[in-house]
2 protein chains.
Amino acid sequence: MVITLEEISKVTGFSVSTVSRVLNKKSKKYRISNDTERVIYAKAKELGYRPNELARGLRLKKTHTIGLVVPDISNPFFASITHLIQKYLYEEGYSLIVCNTNEDINTEIEQIDLMKRKGVDGYIIMPVGTQYEHIKDLLDDDKPLVLLDRNIDALDANCIVVDNYRGAYEATECLVHFGHDRIAIIQGLQNTYTNNERVRGYKDALADNGIRIDENYIVGNDFRRENGYISTKLLLKMENPPTAIFAFSDLITLGMLQAISEEKVKIPDDLSIISFDEIDFAPYLVSPLAVVVQPRELIGEAAVKLLIEEMRNKNSSGKRKILLESKLVIRESMKNLNSTANENSNLGVTVHRTAS
Amino acid sequence: MVITLEEISKVTGFSVSTVSRVLNKKSKKYRISNDTERVIYAKAKELGYRPNELARGLRLKKTHTIGLVVPDISNPFFASITHLIQKYLYEEGYSLIVCNTNEDINTEIEQIDLMKRKGVDGYIIMPVGTQYEHIKDLLDDDKPLVLLDRNIDALDANCIVVDNYRGAYEATECLVHFGHDRIAIIQGLQNTYTNNERVRGYKDALADNGIRIDENYIVGNDFRRENGYISTKLLLKMENPPTAIFAFSDLITLGMLQAISEEKVKIPDDLSIISFDEIDFAPYLVSPLAVVVQPRELIGEAAVKLLIEEMRNKNSSGKRKILLESKLVIRESMKNLNSTANENSNLGVTVHRTAS
DNA sequence: TGTTTTTGCACAAACGTTTGTGCTAACTAT
DNA sequence: ATAGTTAGCACAAACGTTTGTGCAAAAACA
């Protein structure tokens, strides 16, 4: 049987309100005697009382639950962030409702609606794209909200993003310095914040270094594996194939590697590659993989911090936009076409930079 | 402002109960006129009414929320399963509350308690260990529950597990057939179901093939990366180091690779390795990695199917225990010591089997 | 002893739903 | 015209909490 305050009230003889106050540690405030307190505590423990959080949430308008909207939990990058968010929220006493949008805007809208109905106390959202009416509505509810990984400029919302522009710029520029001029990118989902920024960084890096932008070298439209596979096949079959490919996500890279393996292309002699996102196994691949790593830990931690902070100080009027730095890790998968002996003295070197 | 039934009641002039019935599509049953229905629908839509799921849950004793307990979402294996569970549940109209236990039994107990209080309609649990009083209590609540990935024999609960015993047995036996007799394992967390079964499979395979079990070759006690690193270092430093290492998880393998790389050990010439869990990048590693893959898709799908089924037929008395098969994928990281020229003709071969 | 203060608790409303039941007016049948 | 049906809706209780307020008895004070 499920134990309610009423049960305890009956067996102890005290009223429901008294029981409630004791169990909520409000005995002093409401002048409940120590004796009474002891009796109620004992009985509650004995019967294994558990507050009904639905009733409580209804009454208090507070559920101690945060809604997390993520595009794809199975993507290691997002999985990692989810893990951290969950961890930090737990420390703060919050539960997590997770929903996966699969990069589908309608699912996102639906799921956010559902979370709203469930009365979550705050939102951490990695939005799919640029459609944002539903998020705008959310802001009016004045529940804390932070946009993660993907910003929506038009919205006055808290947000935490990585400097995708610089990340892509530096990776591209590094390839250029290594003597590459036919540099292809395999994009993720177009019109997402991250993708747009990365493309912009790529283009600017080329332009700033006097290399013509060839739209044929810009392929793909999805952060997933299949896109990496197909796009790579396409690129390799070109009449004038690229000497370097920049993949915009770990999963794209996975597909790319599959295609490369099938086509028997040698890395880095035939082709240089670099990937966005940390890939745990990167150092141990056939050709250790250069990557642009994003500070996952920071992202997760910052998200929770910002959210909690806003819950505490309801007054906090100004929204904050936080820009985190990425890090370029050069490994052997990038060939330096300038060095005659392909010495690659910069093996494993890490280029650090500070965010703007 | 938040719109309630009461609001709609006020502006339309109909009672709250009538509004409720209309919006719940019970107009016929309660003989609400078509005109009334139309008016209420229109107003509800206009005002953007959203039912308060807390109130509803309280009244209905049903929240359409499932609680998922997972040891470590950042582990790709669990992330993948989580993703699938979320996906299938969404299709069935359920939300997901996720909690991470970090393999800590107390966190597990706490979190399950919290979920209970939040009134979830069912549980999918990957328990940390063999302590199970709290789960036993859960069973008495007669909410649907399925144990995933890790069984607890003593409990009469639904459960879906992979045949870890056979998976480990076959991998070990394969190594033996390849001529190895100093085969080490790096265990995951001891006294978890999965680990116990794998150790048992390993031991039986050795015994059945006339190889003495050397406890020195059994190391480790954690499914995470650090364990893989340290344990590998230990093994490599032995006076009589193993010729093959069997890592019990993807993350352990990651740490192992790091250690191997640092120690400049050559795979597979100096050492053969094989890993439990699918690793997406396995084929593209310096030495393509042999693995025992578990059917993630099936695990996730089966979990939800079983849960939903039990929600539908409350009568379902008998609990079901489902055993899924694993699959051994042989790659070059396992050297066949018998074949003189290390031809490894079985490159990429997949050994399939059916579960008992 | 009479008045005031304090102690210790109970009552009841409210949070937003759902649903069994009851009531009035209109309709149908005789 | 009268009795019986039915259509159309409202009332109120219940789900399990929390919290403002009220009230009696005890204690303190004069």
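Note on naming: letters A, B, ... go to the chains in the order of the sequence lines (proteins, then strands), and numbering restarts at 1 for each one. All figures in this text were calculated on a predicted structure; none of them were measured in a lab.
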Are [X] and [Y] side-chain neighbours, meaning at least one heavy-atom pair lies under 4.5 Å?
X        : Y        : result
A/Thr65  : B/Lys118 : yes
B/Val304 : B/Tyr94  : no
A/Val22  : A/Tyr30  : no

_salt bridge (charged side-chain N to carboxylate O under 4.0 Å, His left out), paired with B/Glu37, selected from B/Lys25, B/Lys28, B/Arg21, B/Lys43_ =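 Testing each of B/Lys25, B/Lys28, B/Arg21, B/Lys43 against B/Glu37, the sole residue satisfying salt bridge (charged side-chain N to carboxylate O under 4.0 Å, His left out) is B/Lys28.
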| said: A/Asp141 and salt bridge (charged side-chain N to carboxylate O under 4.0 Å, His left out): which single residue from A/Arg117, A/Lys61, A/Lys116 fits? | reply: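 Among the candidates, only A/Lys116 passes.
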Heavy atoms under 4.0 Å, any strand shown: does [X] hit a base, just sugar-phosphate, or nothing?
X       : value
A/Ser20 : base
B/Leu5  : base
B/Thr4  : sugar-phosphate

What are the residues of residues 9-17 of chain B, sorted by number, that bring a heavy atom to within less than 4.0 Å of DNA chain D?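 The stretch gives B/Gly13, B/Phe14, B/Ser15, B/Ser17 as the residues lying under 4.0 Å from the strand, ordered by number.
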Check the distance between [N]'s [atom2] and [X]'s [atom1] and give it to me in whole angstrom.
X       : N      : atom1 : atom2 : answer
A/Ile3  : D/dT17 : CD1   : C1'   : 16 Å
B/Lys28 : D/dG8  : NZ    : P     : 11 Å
A/Ile8  : D/dG16 : CD1   : P     : 13 Å
B/Leu23 : C/dT19 : CG    : P     : 13 Å
A/Glu7  : D/dG16 : CD    : P     : 9 Å
A/Leu60 : D/dC15 : CG    : P     : 20 Å
A/Leu54 : D/dA14 : CG    : P     : 20 Å
B/Glu6  : C/dT17 : CD    : C1'   : 12 Å

Check: Should we count CD of B/Glu46 as having more than 12 external heavy atoms under 6.0 Å?
Finding: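 Yes, because the 6.0 Å sphere around CD of B/Glu46 holds more than 12 heavy atoms from other groups.
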Might you confirm whether atom NZ of B/Lys136 has over 12 heavy atoms from other residues, nucleotides or ligands at distances under 6.0 Å?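 Open: at most 12 neighbouring heavy atoms sit under 6.0 Å from NZ of B/Lys136.
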Earlier contact from the 5' end, DNA chain D, for B/Ile32 and A/Arg56:
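Taking each residue's closest nucleotide, the earlier one in sequence belongs to B/Ile32.
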Original post:
Would you call A/Arg320-A/Glu309 a salt bridge at under 4.0 Å N-O?
Top reply: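 Yes, charged N to carboxylate O under 4.0 Å.
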Practice prompt. May I ask you to decide whether B/Arg312 forms a salt bridge with B/Glu92, counting only side-chain N to carboxylate O separations under 4.0 Å?
Written response: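 The answer is yes: the pair qualifies as a salt bridge.
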Polar atom pairs (N or O), protein with nucleotides 22-25 of chain D, under 3.5 Å:
none

- Query: So which one's nearest nucleotide on DNA chain C is more toward 5', B/Arg21 or B/Leu58?
  - Reply: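 Whichever sits nearer the 5' end wins; that is B/Leu58.
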OP1 or OP2 of [N] sitting under 4.0 Å from any side-chain N/O of [X]?
X       : N      : value
B/Lys61 : D/dA14 : no
B/Tyr49 : C/dT17 : yes
B/Thr18 : D/dA10 : yes
B/Thr36 : D/dC9  : yes
A/Tyr30 : D/dT21 : no

**Prompt:** Per the side chain to side chain contact (heavy atoms under 4.5 Å, CB included) rule, which among A/Thr107, A/Leu114, A/Asn100, A/Asn102 passes with B/Tyr90?
**Reply:**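 With B/Tyr90 as partner, A/Thr107, A/Leu114, A/Asn100, A/Asn102 yield a single side chain to side chain contact (heavy atoms under 4.5 Å, CB included), made by A/Thr107.
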